[in-house]
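See below for the structure under consideration.
Side chains included, hydrogens not; waters and symmetry mates left out as well; all remaining heavy atoms used. Not measured: the values here are computed from a predicted model.
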Amino acid sequence: MRGIVLIGFGILYLMKPNLFQRGIWMKTSDVAATKTPEEYGKYMQKIAIVLIIIGLVLLAYDNRQVFQQKSEDKKTYSSI
């Protein structure tokens, strides 16, 4: 679940990098104030890619735990 949320925010940042600059937060961040709009867009794209990668890693980790749990359940039922 955590991975899906991070992937969603990453995709949102890729699609609309200026959404959180002025749309939701009314106070401009230091990063947005010190960079040109092009630099800020590239910065947000990098953050979005990092969020998507971390989200994919979390999804893979969570799925691995689910599959391990299912295999342990099968072993338990087969020994009964």
Side-chain angles (χ1 to χ4, degrees):
M1 180 64 178
R2 299 171 292 182
I4 294 172
V5 172
L6 286 177
I7 292 171
F9 273 106
I11 291 171
L12 187 63
Y13 277 142
L14 280 177
M15 292 172 55
K16 298 194 180 278
N18 295 330
L19 179 68
F20 295 106
Q21 183 179 8
R22 284 292 199 171
I24 294 176
W25 314 115
M26 291 302 148
K27 182 179 174 187
T28 304
S29 69
D30 294 337
V31 174
T34 59
K35 295 186 180 296
T36 65
E38 294 83 19
E39 290 174 337
Y40 182 76
K42 289 180 183 178
Y43 170 76
M44 291 307 293
Q45 285 178 344
K46 290 175 186 175
I47 289 178
I49 291 169
V50 168
L51 286 176
I52 291 171
I53 290 171
I54 292 172
L56 289 172
V57 168
L58 282 174
L59 268 178
Y61 180 74
D62 288 342
N63 285 337
R64 186 178 66 108
Q65 285 182 334
V66 168
F67 289 130
Q68 285 178 348
Q69 182 65 33
K70 285 183 180 179
S71 67
E72 288 175 6
D73 290 343
K74 287 180 183 178
K75 289 178 185 176
T76 304
Y77 290 130
S78 63
S79 66
I80 295 177

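The side chain to side chain contact (heavy atoms under 4.5 Å, CB included) test with Ile53 singles out one residue from Ile49, Leu51, Leu56, and that residue is Ile49.
By the side chain to side chain contact (heavy atoms under 4.5 Å, CB included) test, Ile11 pairs with Ile7, Met15, Ile52, sequence neighbours left out.
The cluster map of Ile, Leu, Val, Met, Phe, Trp and Tyr, joined by side-chain heavy atoms under 4.5 Å apart, puts Ile47 and Val57 in different clusters. By the rule that hydrophobic residues join a cluster once side-chain heavy atoms approach within less than 4.5 Å of another member, Tyr43 and Tyr13 end up as members of one cluster. Linking Ile, Leu, Val, Met, Phe, Trp and Tyr whenever their side-chain heavy atoms come within less than 4.5 Å leaves Leu59 and Phe9 in two separate clusters. A continuous path of ILVMFWY side-chain contacts below 4.5 Å connects Val50 to Val5, so both sit in one hydrophobic cluster.
Within the model, atoms NZ of Lys42 and CD of Glu39 stand 8.0 Å from one another, a figure rounded to the nearest 0.5 Å.
Of all heavy-atom pairs spanning Gly10 and Ala48, the tightest one is O-CB, 3.2 Å.
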